[in-house]
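Encoded as structure tokens, the structure appears first; notes follow it.
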Amino acid sequence: MASSVVLASSPLPRHIGIIMDGNGRWAQRKNQLRTQGHLEGLKTAKKIVKAASDLHIQFLTLYVFSTENWKRTAEEVRFIMGLVKQYLKAELDFYRENRIRIRHAGDPGGLPRDIVRELEEACEDTRSFEGLQVILALNYGGRDAIVRAVGRWLDSLKKIEKIEKKPLEKRVPVKITEEGIRSCLDNPDIPDPDLIIRTAGEYRTSNFLLWEGAYAEYYFSETLWPDWTEADLRVAIAAYQQRERRFGGSKP
Ligand code: FPP
């Protein structure tokens, strides 16, 4: 049944972003610890990565840990970081078999060293794979990503200032452009998300892909993330395929 949902004749989203929400509520409803919800959430993430790969989706960004999630208890933060480490280590054979490339979005500066090492290794080991690209948004915030992009731009101007030995204020003013900012984002080569999914009945962006999601189609699901299945992904994609995207233009 699930396999018949996606419409063969309409284009698939090239890039899907997912705000995986509801792990805590899933656990609380079952009288379990919140950490159990994250464990189930990880299992779901694995299933959805496989489903997206089988559907030949090109990019999948998963919102794993935001710049605001540090406000959670130290125990919960430690648990989520442990899951990330486990995921990066244990799934290497799966990425290889499915030619899945792992990438990172977010500030590595604020992450524990061992996580950064695992992330770098997974990104390096899978760099040449031409299948689905899974972008783990980890210590990621949309505002922070824009601030860091502008910082990179400023750094490059300072380098020019050094080479040309001409202070910035004496140079022809640099034109600030969208393309310029985009080129300084974490992953400038990745196309904007076409579809952003949020689970667990919340209707907000929570600082996810603020710049890149300007013209994304949003899909909200009432289902808690640990209960999500391939069928839910297909229903979301089918809903996307019914949308008319005008990017601010008018109906032809
Ligand atoms: C939101 O649910 C979920 C998170 C902040 C953590 C997401 C992490 C995982 C799914 C596991 C790691 C995944 C990978 C791919 C490495 P919540 O805790 O805010 O739920 P609630 O709103 O019900 O409390």
Side-chain angles (χ1 to χ4, degrees), residues 16-53 57 59-95 98 100-108 110-112 114-123 125-126 132-142 144 196-209 220-230 232-233:
I16 301 177
I18 308 185
I19 304 173
M20 308 178 286
D21 199 6
N23 293 350
R25 274 163 284 171
W26 183 92
Q28 274 153 6
R29 282 180 200 175
K30 291 188 153 37
N31 274 331
Q32 294 177 2
L33 295 172
R34 290 178 58 81
T35 46
Q36 190 60 33
H38 294 314
L39 195 59
E40 290 302 318
L42 177 69
K43 290 182 196 162
T44 302
K46 288 187 198 175
K47 278 188 265 178
I48 297 301
V49 166
K50 176 77 171 89
S53 168
I57 300 296
F59 302 91
L60 177 68
T61 299
L62 298 176
Y63 205 4
V64 179
F65 194 87
S66 76
T67 43
E68 287 71 39
N69 285 152
W70 298 105
K71 293 178 197 157
R72 297 186 177 211
T73 64
E75 188 200 357
E76 187 170 341
V77 169
R78 211 176 311 119
F79 189 86
I80 295 176
M81 291 298 157
L83 280 187
V84 171
K85 196 169 167 182
Q86 179 195 323
Y87 175 76
L88 291 168
K89 254 189 187 329
E91 295 299 297
L92 203 56
D93 285 345
F94 167 75
Y95 312 143
N98 293 279
I100 291 171
R101 178 173 174 190
I102 298 294
R103 299 182 71 171
H104 174 228
D107 186 1
L111 286 168
D114 56 337
I115 300 288
V116 176
R117 206 176 318 117
E118 292 294 340
L119 253 180
E120 283 174 354
E121 273 177 33
C123 292
D125 286 349
T126 61
L132 171 69
Q133 299 196 21
V134 175
I135 302 103
L136 299 176
L138 197 55
N139 195 25
Y140 174 87
D144 180 63
I196 294 181
I197 296 168
R198 181 166 191 149
T199 64
E202 304 289 354
Y203 300 84
R204 48 178 181 269
T205 62
S206 295
N207 209 6
F208 185 52
L209 300 179
F220 297 100
S221 159
E222 296 301 311
T223 307
L224 304 176
W225 177 249
D227 290 328
W228 249 57
T229 62
E230 178 183 354
D232 293 291
L233 179 67

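All values below come from the heavy atoms of this structure, side chains included, with hydrogens, waters and symmetry mates left out. Order of listing sets the numbers, starting from 1, for every ligand and every atom in it. These numbers come from a predicted model, not from an experiment.
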Drop me the distance from L60's CG to Q133's CD, to the nearest 0.5 angstrom.
11.0 Å
Considering non-hydrogen atoms of the protein only, which is the closest contact for atom 11 (C) of ligand 1, and what is the distance?
H38 O, 3.9 Å
For ligand 1, is there an N or O atom under 3.5 Å from any N or O atom of N23?
yes
Is the shortest distance from a Lys or Arg side-chain nitrogen in K43 or E40 to a carboxylate oxygen in the other one below 4.0 Å?
yes
Considering all heavy atoms, the nearest V64-N69 contact
O-OD1, 4.4 Å
protein heavy-atom neighbour closest to atom 3 (C) of ligand 1 works out as M20 O, 3.2 Å
Have R198 and S206 got a donor and an acceptor in their side chains that come within less than 3.5 Å?
yes
Set of residues satisfying ring pair (Phe, Tyr, Trp, His ring centres under 6.0 Å) with respect to Y87, sequence neighbours excluded
none
Going by the 4.0 angstrom heavy-atom rule, the piece of N69 near ligand 1 is side chain
Using distance alone, determine whether R72 and ligand 1 share an N or O pair under 3.5 Å.
yes
So is A200 close enough to ligand 1, meaning a heavy atom under 4.0 angstrom away?
no
Region of E91 that comes within reach of ligand 1 [heavy atoms, distance under 4.0 Å]:
neither
Who's the nearest protein heavy-atom neighbour of atom 14 (C) of ligand 1, and how far?
L42 CD1, 3.6 Å
With heavy atoms only and a cut-off of under 4.0 Å, state how R34 meets ligand 1: side chain, backbone, both or neither.
side chain
Donor-acceptor contact below 3.5 Å, side chain T199 vs main chain M20
no
Is there side-chain contact between Y63 and I196, with at least one heavy-atom pair below 4.5 Å?
no
Does the N or O separation between W26 and ligand 1 drop below 3.5 Å for any pair?
no
How far is atom 15 (C) of ligand 1 from the closest protein heavy atom, and which atom is that?
A45 CB, 3.7 Å
V64, any N or O under 3.5 Å of ligand 1 N or O
no
Can you give me the closest heavy-atom contact between P112 and W70, atom names plus distance?
CD-CH2, 4.3 Å
